[in-house]
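Everything on this sheet refers to the single structure shown next.
Throughout, a chain's letter reflects where its sequence line sits, starting with A, and its residues are numbered from 1.
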There are 2 protein chains.
Amino acid sequence: MGSEKSGSPGELSERKKQILKAIIEAHIELGEPVGSKYLTSNKHIACSSATIRNEMAELESMGYLEQPHTSAGRVPSEAGYRLYVDSLIDSYRLTEREIEELRTNLRKKQAELDSILDTAIRLASSLTDYTALAAKPRKVRVTVTHFEIIRTDERSMILVMLIGGIVKTRRIRSRVPVSDEASARLEMLLNGKLTGLTAAEITMPLMMEMEREMGADEYLVEPVVKGICETISAFDGGELRFDGIDRLLSYPEVYGGERLREMLTMFERKQDLLDVFSESEMQTGDDESVKIYIGRENLVKTMDNSTLVYKPIKRDGILVGAIGVIGPTRMNYSRVIAMIDHLSSGVSNLIEEGDERSD
Amino acid sequence: MGSEKSGSPGELSERKKQILKAIIEAHIELGEPVGSKYLTSNKHIACSSATIRNEMAELESMGYLEQPHTSAGRVPSEAGYRLYVDSLIDSYRLTEREIEELRTNLRKKQAELDSILDTAIRLASSLTDYTALAAKPRKVRVTVTHFEIIRTDERSMILVMLIGGIVKTRRIRSRVPVSDEASARLEMLLNGKLTGLTAAEITMPLMMEMEREMGADEYLVEPVVKGICETISAFDGGELRFDGIDRLLSYPEVYGGERLREMLTMFERKQDLLDVFSESEMQTGDDESVKIYIGRENLVKTMDNSTLVYKPIKRDGILVGAIGVIGPTRMNYSRVIAMIDHLSSGVSNLIEEGDERSD
DNA sequence: TTTAGCACTTGAAATGGTTGAGTGCTAACT
DNA sequence: AGTTAGCACTCAACCATTTCAAGTGCTAAA
């Protein structure tokens, strides 16, 4: 047996490449193992089925193809897909219509990051026909940069916090009326003492000091600070949202039975997937192109037969999220890649420029 | 054939009730059609299998039971379940442990409605083992009650809107520096002109008037007002969130194959389900107890074999949402009902009392 | 080096018989 | 009249067997 398990693409003759590419594309299209005869008749390859069989046998021993059972056609292996996306793939040109659809749909929603992401995954899912997801990675150091208190009536107010460019609010109610003077002082205190601190750095002594400075209105401090800590903690957990989960069912060969359950469970737990994105945060230095994880390449075990395609989203140069799709290994790579690329860039631009439509 | 399709429970002899109840509970427990022999041996019923067969035949002709095929046991019909939950069911006592779990978990999260709901559905799903969902019903008349502008730096600010007790924010950026005076005037204008108006009532003339009053800073008006309209519009759409979708797969008899897909699709589309909740908003006058929709009783077609159990959530007497679970018709009604009842009340109390931990 | 032909393998689908749970009905019993 | 035992009947589920067709690997010829 040829023991050259993972050969570099250079080893492959032109014809082998052509055949491998044809097999992968046929399999993407049909979802079934593809046999030698199919290739000769449907893809235009200039040799007979017997020759193709020989080549396929070699490709298999090199690890690019697999055979479900003796009398079935061949199926691309993960290595095969990897080779395909790395060097065989034709880059897909989005049609004018598709670009237009991306642009107008994205433009419509000029809002906070969250709702932009929602629109984006909806788009991604409906355009690619796979399950789409967006992640906000877990942050390492979450701090409030600015506090502001808004009075609504004499015993309730709203605390507005600016956390890394995102606005979070929290309602504060008190049983007794609170003077304007007291809330103003509280606001000042918060801005003076708590900005720039992570949840862990907000200590008891600090809180007691604040209570001292609030004098008669010290009763406000504890619930407010507690709320702030909760908000910060909730924020750094990262977040993950989905669209088109029902589309998983379009690929019963992959997501049938128990596998589907594992998949859904993973979507519910979210943590594993978030880890994947966080990991990418590390290697975000190298480049910022579309990333592709095929099968068990780099991922959680439950994603054996799936591919994750995603691209980071940046604001002012720093990573604020990612958007991608998840689907069967035999997904339409070229189209998906082009789509995610555009979409992510679109979102990046959108949040970069903000709402400055003031011309 | 006895043509009394839907008899009132009064028609039923004590023994018929007892048998029906036993069948339903056995079927809930086992998930399989239950036969006459099983009842005599496992549930203590004081007569022989033959007698039970006779009774079952009658119950079937009355429409309370169904037979999948000739040589199978009986399965409760929707009418049977309905009768069961209406008059046969034993009310379930939550254990101390369960109550404790509800309370502590719910208490932990003292935050805005959204995150309370998230916690609640997570709880509901994990405690009942069914898919849980929470809805914020579509509002008829959404208006902003209060505007507030927060300056972050000289060319960006945050617009805070109070919409029906919920806080929404929106970032505003401008290419040119904005004076404090200008933003203060804008805030005043918004509060003066736009509070109490729905999106539809914000007209062009109104906007032009505002531009006039802003003088040199009129360029701020258009993007801001546009953003406000979007926010209001987005708000009245209602919202629906889930937890434990993976649990659908625990009941393959119901959610296997095509049905599962329909179910997921419905979860994605959300609209149908929201309609159900909105409908309940209408009839919310009659009472505010736990509501139960069994099978095709009242619902969307895709929910034929499912039951929806939910209870509205109120703040200050008005409906702000609902929480419930969705599961197979053969769900453990007594337990689920008790759970949802408690949970919904818990949430209601929590948002009622707010953060007033100032003692 | 390529190709045609053929024997071989093997999963999927079709067939057919067996099994067992559960029923409905009738006749005996209280 | 209501209840029960007994029995024939039905029908899905299961298992073993057969058939079928797709696709291969190999050999021999071009």
Side-chain angles (χ1 to χ4, degrees), chain A residues 1-2 12-20 22-24 26-27 29-62 64-77 80 252-253 256-257, chain B residues 1-2 11-20 22-24 26-27 29-77 80 252-253 256-257:
Chain A
M1 300 185 185
L12 294 180
S13 69
E14 257 332 293
R15 193 172 64 189
K16 279 206 181 58
K17 286 186 190 171
Q18 189 193 4
I19 290 176
L20 180 56
I23 290 178
I24 291 183
H27 182 251
E29 202 178 329
L30 303 174
E32 278 162 17
V34 7
S36 55
K37 202 173 286 177
Y38 179 85
L39 288 183
T40 50
S41 54
N42 296 45
K43 309 279 163 178
H44 28 299
I45 291 181
C47 54
S48 79
S49 64
T51 311
I52 292 184
R53 279 203 289 280
N54 289 333
E55 296 283 47
M56 289 204 295
E58 285 191 57
L59 283 169
E60 179 170 2
S61 82
M62 291 189 220
Y64 294 125
L65 291 179
E66 280 167 5
Q67 211 172 6
H69 60 261
T70 323
S71 73
R74 300 306 212 289
V75 162
S77 70
E253 345 91 61
Chain B
M1 300 185 183
E11 292 176 11
L12 293 181
S13 69
E14 259 330 296
R15 193 172 62 189
K16 278 205 182 58
K17 286 186 192 172
Q18 190 194 5
I19 290 176
L20 180 56
I23 290 178
I24 291 182
H27 182 250
E29 202 179 331
L30 304 175
E32 279 162 18
V34 8
S36 54
K37 201 174 284 177
Y38 178 86
L39 288 184
T40 49
S41 54
N42 297 44
K43 309 278 162 178
H44 27 298
I45 291 180
C47 55
S48 80
S49 66
T51 313
I52 292 183
R53 278 203 290 281
N54 289 333
E55 296 284 47
M56 289 203 297
E58 286 192 57
L59 282 169
E60 180 170 3
S61 81
M62 290 189 221
Y64 295 125
L65 292 179
E66 280 167 5
Q67 212 172 6
H69 60 262
T70 323
S71 73
R74 299 306 212 289
V75 162
S77 70
E253 345 93 60

Show the nearest heavy-atom pair for residues [X] and [Y], with the distance to one decimal.
| X | Y | result |
| --- | --- | --- |
| B/Arg74 | B/Ile23 | O-CG2, 4.4 Å |
| A/Pro68 | A/Gly73 | CD-O, 3.4 Å |
| B/Cys47 | B/Thr40 | O-CG2, 3.4 Å |
| B/Gly80 | B/Ile24 | O-CD1, 3.5 Å |
| B/Ser77 | B/Gly63 | OG-O, 2.6 Å |

Q: Mind checking side chain to side chain donor-acceptor pair (under 3.5 Å) for B/Ser36 and listing every partner two or more places apart, or none if nothing turns up?
A: B/Arg53

Do [X] and [Y] come within less than 4.5 Å of each other through their side chains, counting heavy atoms only?
| X | Y | value |
| --- | --- | --- |
| A/Ile45 | A/Thr51 | no |
| B/Gln67 | B/Glu60 | yes |
| A/Val75 | A/Val34 | no |
| A/Tyr38 | A/Leu30 | yes |
| B/Met56 | B/Ile52 | yes |

Nucleotide [N], atom [atom2] - distance to [atom1] of [X] in whole Å:
| X | N | atom1 | atom2 | result |
| --- | --- | --- | --- | --- |
| A/Glu32 | C/dA12 | CD | P | 12 Å |
| B/Glu66 | C/dT23 | CD | C1' | 17 Å |
| A/Ile52 | C/dT3 | CD1 | C1' | 12 Å |
| B/Glu55 | C/dT23 | CD | P | 14 Å |

Every protein N/O within reach of nucleotides 15-20 of chain D N/O, cut-off under 3.5 Å:
none

Q: Note the angle between the end axes of the helix from C/dT1-D/dA30 to C/dT30-D/dA1, five pairs defining each, rounded to 10 degrees.
A: 20°

Please write out the pairs of protein N or O atoms and N or O atoms of nucleotides 15-18 of chain C separated by less than 3.5 Å, giving the distance to one decimal.
none

**Q.** A/Arg15/A/Glu55 under salt bridge (Lys or Arg N to Asp or Glu O under 4.0 Å): CA gap, chis, key distance, verdict
**A.** CA-CA 9 Å; A/Arg15 193 172 64 189; A/Glu55 296 283 47; 2.8 Å; yes

(Q) Can you identify which nucleotide, out of D/dT4, D/dA12, C/dT3, has its nearest atom closest to the B/His69 side chain? (A) D/dA12

Q: Mind jotting down which residue pairs meet the salt bridge (Lys or Arg N to Asp or Glu O under 4.0 Å) criterion with at least one end in residues 32-51 of chain B? Sequence neighbours excluded, please.
A: B/Glu29-B/Lys43

(Q) Across nucleotides 22-30 of chain D, 5' to 3', mark each nucleotide with B, S or - according to how protein heavy atoms within less than 4.0 Å reach it. (A) BSBBB----

